[in-house]
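One structure below.
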Amino acid sequence: MAVTYEIKERRVIPNWRDFNRTVRLGELYNIQGNIKTQFDITRPVNDWNDTKTIGTAADLINSAFIAGKSDLKELNEAIDFVFKNKTDSSNSLADLIAKINQSNDRNSKPEKSGIIDLEVDTFEEFQTHIDNQLFYRIINKTKNRALKELNNPIIWVELARLYSFIAQKEKAERAIKTALQLAPDNRFVLRSAVRFFVHFEEPEKALFFLRKSEMVKMDPWLVSAHISTSSLLNRFSPFIKTGFQLIKSKNHSNYSLTELASSLGTLEFFESGYKKAKPLFDLSILNPNDNTLAQLEWVSQEDSRFKFNPLIYSDVPNSFEAFALEQFEQGNWKEAFNNCIKWFLDMPYSKRPVLLGSYIASSLLRDTEAAIMLCEAGIKANPNDINVLNNTVYSMLQGNQYDKVKPYVEHFGRIKIEDLPQENRITFIATLGLIAMRGENLDSGKKLYETAISYAERLGNNYLRDLAMLNYCRELILKKDVDYLKLITHIEKMETSKAQSDIIQLRDDVIKMHNGIGEDE
């Protein structure tokens, strides 16, 4: 059976987007006028003085922004040059100039803008984003640019990000470490590096580079990253006290504090509970970003005392994760799926939109082609992840593509069930049962499904028990095996008042199949 959303304890780990989109979100504002990074922009200044073109102007403007140097004569010259040659410049460059020129109002909210270059409202449009030839051309173009601009950390970060999309860890790590050497105190570089190392399950390295930076002592975005990453490792962060001091100082906008307040709120939620966590989460949503909306949405599902509906925050850009989770809870499958697609396109290295989206498509929308395509896109960044592989196999079998699962089944055979987390064992065993039943090994499939149901009962996980039972009963009905009658009575009496909306729909689908058999007879 398919995995829905693999996250037990969500943390406020920084999201990782390309530089221009991150600029538009407002996450790179200088926190204080007198703080500068150690990023040397001598080279782009000299290049501009030597040759005045849109290219050298753009390089200088980007470099000055990330270095926090807005008082350069050459910068003003470059901006004037771009304005005089608007037809040759890009929209993203114009957005960056607007950020540099706008007043430093600490309480202002980032403007709403089209963060995603292409709106993805249909699955057909999604297909254009997973064209292998196009993707490798983008990588080659970015690699060539990085080799031409050896001292530009932003290009190296983007190259690392692109390599992460296809699980090229070694190449990605070389690129991200190059960026860290060039700009070890830059917020964008550090936050990108944190997400990179967490994604590749090396959070200790993220903490190492954060500790090396002097900025972590004063930048709320970096303090939040250190606290959340430490929490992932069940470690105490020495910057917790610093985080509370930054909040009390009143020197930062609500937006600059949103992730810090959410990180501290999450810490209090795990350690002390609702009472101490709530004021911090209240602060986090005074001017939230997509990450803090998703965090409170997750917390509200863990503790019903947190009353929260992220859908009212329609002006917060890129809130795809929070919206997808809320719509999933409400049973709005199509809307939830569309937001999973946008969430994936926003962060193609993440497996969570792949898991939730493929589950919705295969189990609830019965669009197996959409589920398979999303899984195959997700496998590029997570080729060995058991849950992504599980959902791929499940989707293929639901689409009657048994022949296509053979390579994955061979991989499954090398997995030791006892090495998997307990909940993953349930879904994995159930999927093995599905493979057996679709492969005409009915008795073996029955035993595996019954093992999964029994194991879920022993763990007290009613959700996975019901999910396994519903999938098992459905397969028995499809096989016209009378053993389904042993399950259908229990399914008809299944408690639905407290059940999740997906269980309710799957239950109704199975009952309809049962009733259909009676009508046929």
Side-chain angles (χ1 to χ4, degrees), residues 14-33 35-37 39 41 44 54-72 75-76 78-79 82-83 86 89-106 108-118 142 145-146 149 152-162 176 179 182-183 185-196 215 219-222 224-225 252-253 255-256 258-259 287-292 315-320 345-347:
N15 286 332
W16 185 11
R17 300 180 173 94
D18 64 65
F19 179 71
N20 288 329
R21 291 180 183 180
T22 308
V23 168
R24 294 182 194 178
L25 289 171
E27 294 178 2
L28 302 183
Y29 291 137
N30 286 337
I31 59 171
Q32 293 178 3
I35 292 177
K36 309 293 181 188
T37 69
F39 175 41
I41 65 168
I54 285 293
T56 57
D59 193 8
L60 174 55
I61 292 166
N62 276 280
S63 300
F65 183 84
I66 65 170
K69 297 180 180 180
S70 58
D71 55 352
L72 295 174
L75 174 62
N76 293 327
I79 290 174
V82 170
F83 277 132
K86 285 184 178 180
S89 63
S90 65
N91 292 333
S92 60
L93 184 58
D95 288 341
L96 182 55
I97 291 172
K99 293 298 180 189
I100 294 173
N101 288 336
Q102 75 176 29
S103 61
N104 187 23
D105 180 0
R106 287 180 180 153
S108 66
K109 194 168 188 173
E111 64 190 67
K112 182 181 178 184
S113 59
I115 305 303
I116 298 300
D117 294 331
L118 293 173
T142 306
R145 185 179 172 190
E149 302 178 30
N152 187 341
I154 303 306
I155 303 302
W156 288 103
V157 170
E158 181 59 14
L159 185 59
R161 183 171 166 271
L162 291 171
I176 203 74
L182 292 169
D185 294 316
N186 180 261
R187 181 190 297 167
F188 174 73
V189 173
L190 279 168
R191 280 168 57 81
S192 299
V194 168
R195 185 57 183 253
F196 167 80
M215 292 295 289
D219 186 337
W221 295 94
L222 298 180
S224 171
H252 305 280
S253 69
Y255 187 71
S256 293
T258 182
E259 288 198 5
N287 199 344
N289 67 1
D290 62 296
N291 201 5
T292 51
D315 60 336
V316 176
N318 290 28
S319 300
F320 312 128
L345 291 172
D346 193 30
M347 288 179 279

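Residue numbers count from 1 along this sequence.
- Remark: E259 engages R191 in a salt bridge, criterion side-chain N to carboxylate O under 4.0 Å.
- Scanning both residues, L25 and Y255, for their nearest heavy atoms gives O-OH, 2.6 Å.
- Applying the salt bridge (Lys or Arg N to Asp or Glu O under 4.0 Å) criterion to R161, with sequence neighbours excluded, gives E158.
- Using a distance-only test at 3.5 Å, with no hydrogens or angles considered, no donor-acceptor pair links the side chain of R17 to the main chain of T22.
- For the atom pair OG1 (T142) and CG (L162), the distance works out to 5.0 Å, reported to the nearest 0.5 Å.
- In this structure a side-chain-to-backbone donor-acceptor pair under 3.5 Å is missing from T292 to P288.
- For S319, there are no side-chain hydrogen bond (donor to acceptor under 3.5 Å, both in side chains) partners, not counting sequence neighbours.
- Of the inter-residue distances, the one linking N186 atom CG with D219 atom CG reads 9.5 Å to the nearest 0.5 angstrom.
- Every residue meeting the side-chain contact (heavy atoms from CB on, under 4.5 Å) condition with A193, not counting sequence neighbours, appears here in chain and number order: I176, L180, F197.
- Here CG of L182 is found 8.0 Å from CG of N152. Values are rounded to the nearest 0.5 Å.
- The distance from the CD1 atom of I61 to the CG atom of N76 is 10.0 Å, given to the nearest 0.5 Å.
- Residue I154 holds its CD1 atom at 11.0 Å from CD of E149, rounded to the nearest 0.5 Å.
- Checked against ring-ring contact (aromatic ring centres under 6.0 Å, His included), W16 has the following partners two or more places apart in sequence or in another chain: Y349.
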* Could you give me the CA-CA distance, side-chain angles and deciding distance for N287 and T258, then say whether side chain to side chain contact (heavy atoms under 4.5 Å, CB included) is met? => CA-CA 7 Å; N287 199 344; T258 182; 5.9 Å; no
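- The CG atom of D290 sits 6.5 Å away from the CD atom of E27 when rounded to the nearest 0.5 Å.
- Nearest heavy atoms, V23 versus L28: CG2-CD1, 3.9 Å.
- Nearest heavy atoms, P14 versus N291: CA-ND2, 4.1 Å.
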* To do: Could you please spell out the steps behind the side chain to side chain contact (heavy atoms under 4.5 Å, CB included) verdict for R187 and V189?
  => CA-CA 6 Å; R187 181 190 297 167; V189 173; over 6 Å; no
* **Criterion side chain to side chain contact (heavy atoms under 4.5 Å, CB included) on L190 and F188, from CA distance to verdict** => CA-CA 6 Å; L190 279 168; F188 174 73; over 6 Å; no
